K.L.:
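Have a look at the structure that comes next, please.
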Amino acid sequence: MSVATLELTPDQEQAVQLATREFPRVMVITGGPGTGKSTVLRSVLDELRSQGLRSILMAPSGKAAVRMREATGRPAYTIHSALGLFNGGALKAGGVDLADVAIVDESSMVDSRVMAAVFENTQHVRTLILVGGADQLPPVQEGCPFLDLVRSEVVPTVRLTHVHRQAAESGIIRAAHQINRGRTPDWSDDFQFVSCEEANEVPATVARVIRERELRPEAFQVLSPQKTRVAGVNSLNAYLEGQRGTKEPLLRERFRAGTRVIQTSNDYDLGVMNGEQGFVQRVEAGQRPAKDQVWVRFDQGGEHHYEGGKIRALLPAWAVTCHKSQGSQWDTVVFVAHKSVGFLLSRSLFYVAVTRAERLVVVVGQQAAVDMAVRKVRDLRRRTLLGLWLARERSAA
């Protein structure tokens with residue numbers, strides 16, 4: 001399909017032309033929700049195929065890879081599987097060997113170590129395309145290579161700014177852009193607010209929102225700015241697990257059949273990465289903790305068996321922090337905005353929480369906390385040698 005026949009906005013057409021005509025060694029495509037990053041990716045892939053060029057699609061998490069596959073209609077892989085990183089953490093070339101162009105989505109999530117592996121193992125490709133939102137939170141691990149590249153002005157970068165009409169009709173997308181501009185968002189049918197002034201009432205209010213809206217366990221995610229305190233992740237998980245109405249005892253006071261869990265570290269033996277979620281299928285208590293067993297089916301498919309010390313990598317996940325939510329998408333997000341957990345509450349964190357939802361966002365908490373969040377700009381800059389090196393490259397150019 002020729003680029004000229006596609007109905008693209010000028011900034012989208014610029015991105016496609018750069019990726020499929022000029023072939024820079026590395027390029028960046030960035031933009032907020034509703035600006036058409038997926039449309040650009042589909043157009044790029046169509047044009048590359050028409051030129052007989054091969055591409056590989058990668059994302060930092062299993063969920064992000066699934067979303068990339070759904071958005072493009074093409075196979076997509078986690079970075080770890082595509083690069084063959086499941087060998088005790090050793091970096092070695094893998095599934096990218098035959099690609100002419102490599103594309104990484106949700107690049108803002110990628111830390112310095114993994115980004116280095118991406119660059120190392122894609123030296124043979126004509127173009128490495130990094131796609132992501134420059135307004136997201138930095139990676140959980142060290143560095144912020146994507147943001148360093150965007151800010152450097154050394155790497156060719158296309159910023160998608162036009163919010164398309166269909167997307168603009170979404171209250172969620174409208175609110176996300178308002179938050180990003182430092183404005184208190186407008187409430188709407190799909191971006192709702194439920195008042196809860198008392199911190200100790202937050203868990204019960206969240207449970208009521210889930211119950212009254214008949215949210216399916218696999219379709220919603222509760223997000224809170226921090227782990228501790230009564231409106232934090234730990235308290236919310238304990239309360240929501242207790243509301244499930246089952247009398248089956250908890251293994252290690254956390255797990256039983258049906259408990260939603262999250263993997264908190266990379267397990268190369270099992271092939272499960274940090275941040276992947278699933279549901280406990282069954283548990284068996286051993287005569288001592290080393291013999292405890294848990295079976296988990298993860299959202300990306302596949303059931304895995306945990307025993308003894310490996311179980312420590314699992315945590316309940318009815319509620320998670322906003323940092324843990326990056327790269328994932330749910331039908332509905334319930335976000336806690338309360339001053340009792342306001343230490344980490346900020347504009348970028350609120351923005352990330354809102355953009356995780358596809359159909360509905362329900363904010364539970366205080367209007368004053370919402371107002372505080374959009375005003376509070378935390379200094380998320382990280383002092384990195386990559387940033388310094390890129391700045392020197394720009395000065396020398």
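The model shown is predicted, which means the values in this text are computed figures rather than measured ones.
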K.L.:
Main chain of L360, side chain of D190: is a donor-acceptor contact present, judged purely on distance under 3.5 Å?
P.N.:
no

K.L.:
Is D100 reaching over with its side chain to a backbone N or O of L53, donor-acceptor style, under 3.5 angstrom?
P.N.:
no

K.L.:
Go through the steps to decide whether E106 and R67 satisfy the test salt bridge (Lys or Arg N to Asp or Glu O under 4.0 Å), and finish with yes or no.
P.N.:
CA-CA 10 Å; E106 295 286 358; R67 288 177 54 210; 3.0 Å; yes

K.L.:
Could you check if a side-chain atom of V320 sits within less than 4.5 angstrom of a side-chain atom of Q277, using non-hydrogen atoms only?
P.N.:
yes

K.L.:
When you look at CZ of R42, are more than 12 heavy atoms from neighbouring residues, nucleotides or ligands closer to it than 6.0 Å?
P.N.:
yes

K.L.:
Run the ring pair (Phe, Tyr, Trp, His ring centres under 6.0 Å) test against W295 and tell me which residues pass, sequence neighbours left out.
P.N.:
H305

K.L.:
Is the CZ atom of R252 crowded by more than 12 outside heavy atoms at less than 6.0 Å?
P.N.:
yes

K.L.:
Under a 3.5 Å distance rule, please check whether D11 uses its side chain to pair with a backbone N or O of T161 as donor and acceptor.
P.N.:
yes

K.L.:
Quick one: ring pair (Phe, Tyr, Trp, His ring centres under 6.0 Å) pairs with a partner in residues 106-126, sequence neighbours left out?
P.N.:
none

K.L.:
Test side chain to side chain contact (heavy atoms under 4.5 Å, CB included) on I103 and V131; report intermediate values, then the result.
P.N.:
CA-CA 7 Å; I103 303 174; V131 183; 4.1 Å; yes

K.L.:
Within the side chain of K339, is there an N or O that forms a donor-acceptor pair under 3.5 Å with the backbone of G365?
P.N.:
no

K.L.:
Decide if atom NZ of K227 counts as having more than 12 heavy atoms of other residues, nucleotides or ligands within a radius under 6.0 Å.
P.N.:
no

K.L.:
For atom CZ of R211, is the number of surrounding heavy atoms from other residues, nucleotides or ligands below 6.0 Å larger than 12?
P.N.:
yes

K.L.:
Would you find a donor on one side and an acceptor on the other, under 3.5 Å apart, between the side chain of E22 and the backbone of P24?
P.N.:
no

K.L.:
May I ask you to test the E7-Q12 pair for a side-chain heavy-atom distance under 4.5 Å?
P.N.:
no

K.L.:
Would you say S188's side chain and G171's backbone share a donor-acceptor pair under 3.5 angstrom?
P.N.:
no

K.L.:
I'd like to check E198 versus H338 (side-chain heavy atoms, cut-off strictly below 4.5 Å). Are they in contact?
P.N.:
no

K.L.:
Counting distance only, does the side-chain N/O of T122 pair as donor-acceptor with the main-chain N or O of V118 below 3.5 Å?
P.N.:
yes

K.L.:
Is the terminal nitrogen or CZ of R297 (NZ for Lys, CZ for Arg) located under 6.0 angstrom from the six-membered ring centre of F279 and within 45° of that ring's axis?
P.N.:
no

K.L.:
Got a sec, which pairs hit ring pair (Phe, Tyr, Trp, His ring centres under 6.0 Å) with one end in residues 192-227, sequence neighbours left out?
P.N.:
W187-F193

K.L.:
Main chain of V155, side chain of T157: is a donor-acceptor contact present, judged purely on distance under 3.5 Å?
P.N.:
yes

K.L.:
How about Y351 and Q178: does a side-chain donor come under 3.5 Å of a side-chain acceptor?
P.N.:
no

K.L.:
Which residues pass the ring pair (Phe, Tyr, Trp, His ring centres under 6.0 Å) test with H177, sequence neighbours left out?
P.N.:
none

K.L.:
List, by chain and number, the other hydrophobic cluster members for V233, where Ile, Leu, Val, Met, Phe, Trp and Tyr join if side-chain heavy atoms come within less than 4.5 Å, directly or indirectly.
P.N.:
none

K.L.:
Could you walk me through whether Q221 and R260 pass the side-chain hydrogen bond (donor to acceptor under 3.5 Å, both in side chains) test, one step at a time?
P.N.:
CA-CA 10 Å; Q221 181 65 67; R260 186 178 187 163; 3.2 Å; yes

K.L.:
If we count only N and O atoms by modelled type, under 3.5 Å, do the side chains of D371 and Q367 hold a donor and an acceptor together?
P.N.:
yes

K.L.:
Go through the steps for F255 and I311 under the test side chain to side chain contact (heavy atoms under 4.5 Å, CB included), then give the verdict.
P.N.:
CA-CA 10 Å; F255 311 115; I311 298 174; 3.7 Å; yes

K.L.:
Would you find more than 12 non-hydrogen atoms of other residues, nucleotides or ligands less than 6.0 Å from R244 atom CZ?
P.N.:
yes

K.L.:
Using ring pair (Phe, Tyr, Trp, His ring centres under 6.0 Å) as the criterion, list what pairs up with F350, not counting sequence neighbours.
P.N.:
F335

